[in-house]
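Some notes on the structure that comes next.
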Amino acid sequence: AKRRGRNTWQTFTPALARKLTDRLLIETQLRRALDNQEFYLHYQPQVDLRTGRIHGAEALLRWKSRILGELNPDLFIPHAETTGDIVPIGAWVIQEACRQLRAWRDAGLAIDRIAVNVSFRQFLSDNLPETVLSALNQYKLPGEALEIEITERVLIEDAPDTLANFNTLKGLGVALVIDDFGEGYSALNYLRKFPFSGVKISHTFMQGVPFNASDSAICQAMIQIAKSVGLAVIAEGVEHEVQRAFLIKHGTVLGQGFLFSQAVSPREFAELVRQQRST
Ligand code: C2E
Ligand code: CA
Ligand code: CA
């Protein structure tokens with residue numbers, strides 16, 4: 001057993017060491033990325049499922065590191081949350097999304113709303129309503145132009161002024177949506193406690209729709225729960241026409257996913273909006 005233990009340890013070491021150096025490397029580079037202007041945003045259309053009309057977009061963070069190359073957000077955002085770097089990075093995301101929306105509107109594009117992802121860490125250590133308000137003011141946008149996507153982790157961490165911050169944001173007209181709805185562990189009573197305007201059904205459930213019976217049943221139940229308490233529903237990860245049909249049948253209005261478009265550059269997004277205007 002001892003030898004097996006040592007062997008296991010020996011084979012495990014290089015991978016563990018690599019993980020540690022990866023972590024250090026990512027965290028060191030992350031610290032400089034904002035100053036080096038290595039971040040940019042891509043936009044994934046959010047469409048009316050029935051008509052295909054683009055209603056808005058979700059802003060998704062991209063990082064092109066000089067040292068590490070292109071990194072997927074799933075790879076670096078957890079590190080940025082650990083170090084706290086996500087706080088200034090997240091503030092930049094809000095600022096940049098507002099700047100972009102202003103530019104699009106000035107160019108005559110009718111885009112109702114941009115959704116941004118906000119980490120639980122931003123609720124813990126940032127005056128989020130102030131960050132949001134100053135970005136809205138700077139770009140002369142109403143609060144209704146912005147939607148904030150948060151995961152249930154925000155509610156689990158339970159910062160003392162979470163509810164007050166939510167109410168302030170709601171007072172500005174900003175929409176609050178629970179991202180990855182159904183993936184968390186908290187009880188459903190937070191739907192009543194916090195002033196949410198909608199839920200976003202996770203793509204992990206959408207994958208099994210409509211052929212996996214339990215995924216489909218869960219999706220259907222989540223849509224029903226949300227609607228019964230007056231919340232809007234948006235579905236993510238819509239990849240197939242049958243999924244779109246399923247969602248429409250069960251009363252979901254908005255969706256996003258590869259069926260419509262992946263996340264694209266600002267230029268490409270503007271082109272998508274222009275194309276639909278001319279049809
Ligand atoms: P998310 O908020 O759940 O974003 C949806 C992810 O699913 C995006 O990956 C998107 O490109 C991908 N996706 C879109 N359509 C489809 C589809 O039809 N099928 C499948 N399988 N996937 C689809 P991405 O851009 O790699 O982002 C990954 C995660 O990183 C996001 O998940 C979000 O949690 C986080 N993230 C991205 N940008 C930000 C940000 O600015 N701030 C924070 N805090 N987190 C962010
Ligand atoms: Ca999201
Ligand atoms: Ca999601």
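Nothing here was measured: the structure is a model prediction, and the numbers come from that model. Indexing begins at 1, ligand by ligand and atom by atom, following the structure's order. Numbers here are sequence positions counted from 1.
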Closest to atom 37 (C) of ligand 1 among L60, T204, N72, T151 (heavy-atom distance): L60
Nearest option to atom 28 (C) of ligand 1, as decided by whichever heavy atom of I150, D74, N117, V118 sits closest: D74
Just let me know how [X] lines up against ligand 1, side chain, backbone, both or neither, with a heavy-atom cut-off below 4.0 Å.
X    : value
D180 : side chain
V93  : side chain
H240 : neither
S119 : both

Atoms of ligand 1 close to [X] [distance to a heavy atom under 4.0 angstrom, numbered from 1]:
X    : value
E239 : 17 (C), 18 (O), 19 (N), 20 (C), 21 (N)
E236 : 3 (O), 5 (C)
Q44  : 14 (C), 15 (N)
G257 : 15 (N), 18 (O)

Where does the angle between the aromatic ring planes of [X] and [Y] fall among parallel (under 30°), tilted (30 to 60°) and perpendicular (over 60°)?
X    : Y   : result
Y40  : H42 : perpendicular
F76  : W63 : perpendicular
F269 : Y43 : tilted

Expected output: side-chain [X] to main-chain [Y] donor-acceptor under 3.5 Å:
X    : Y    : answer
Q95  : A91  : no
N72  : D74  : yes
Q100 : P266 : no
S197 : L176 : yes
R102 : L141 : no

Would you say [atom] touches the protein, meaning some protein heavy atom is under 4.0 Å from it?
atom                    : value
atom 21 (N) of ligand 1 : yes
atom 14 (C) of ligand 1 : yes
atom 40 (C) of ligand 1 : yes

Sub-4.5 Å side-chain heavy-atom contact between H55 and D48: no
Transitive ILVMFWY side-chain link M206 to L60, under 4.5 Å: no
Below the 3.5 angstrom mark, is there an N/O of [X], backbone or side chain, next to an N/O of ligand 1?
X    : value
P73  : no
Q207 : no
Q256 : no
F258 : yes
E81  : no

Aromatic ring proximity, centroids under 6.0 angstrom, F205 and F181: no
Nearest protein heavy atom with distance in Å, relative to [atom]:
atom                    : answer
atom 7 (O) of ligand 1  : H203 CD2, 4.4 Å
atom 36 (N) of ligand 1 : I77 CD1, 3.3 Å
atom 1 (P) of ligand 1  : D179 OD2, 4.1 Å
atom 38 (N) of ligand 1 : L61 N, 3.1 Å

With the threshold set at under 4.0 angstrom, would you say [X] reaches ligand 1 through any of its heavy atoms?
X   : answer
H42 : no
E58 : yes
G90 : no

Neighbour count above 12 (heavy atom, 6.0 Å) for E70 CD: yes
Within 6.0 angstrom of E130 CD, more than 12 heavy atoms from elsewhere: no
Modelled atom types, side-chain donor and acceptor of N117 and S119, under 3.5 Å: no
Distance-only polar pair, side chains of E27 and T83, donor-acceptor under 3.5 Å: no
Residue-atom pairs from the protein, N, O or S only, that lie under 3.0 Å from the Ca ion (ligand 2): E58 OE2, N117 OD1, E149 OE1, D179 OD2
Basic-acidic side-chain contact under 4.0 Å: E147, R113: yes
Q46 and its side chain to side chain donor-acceptor pair (under 3.5 Å) partner, picked from Q256, E236, E58: Q256
Residues forming a side chain to side chain contact (heavy atoms under 4.5 Å, CB included) with K227, sequence neighbours excluded: I223, V233
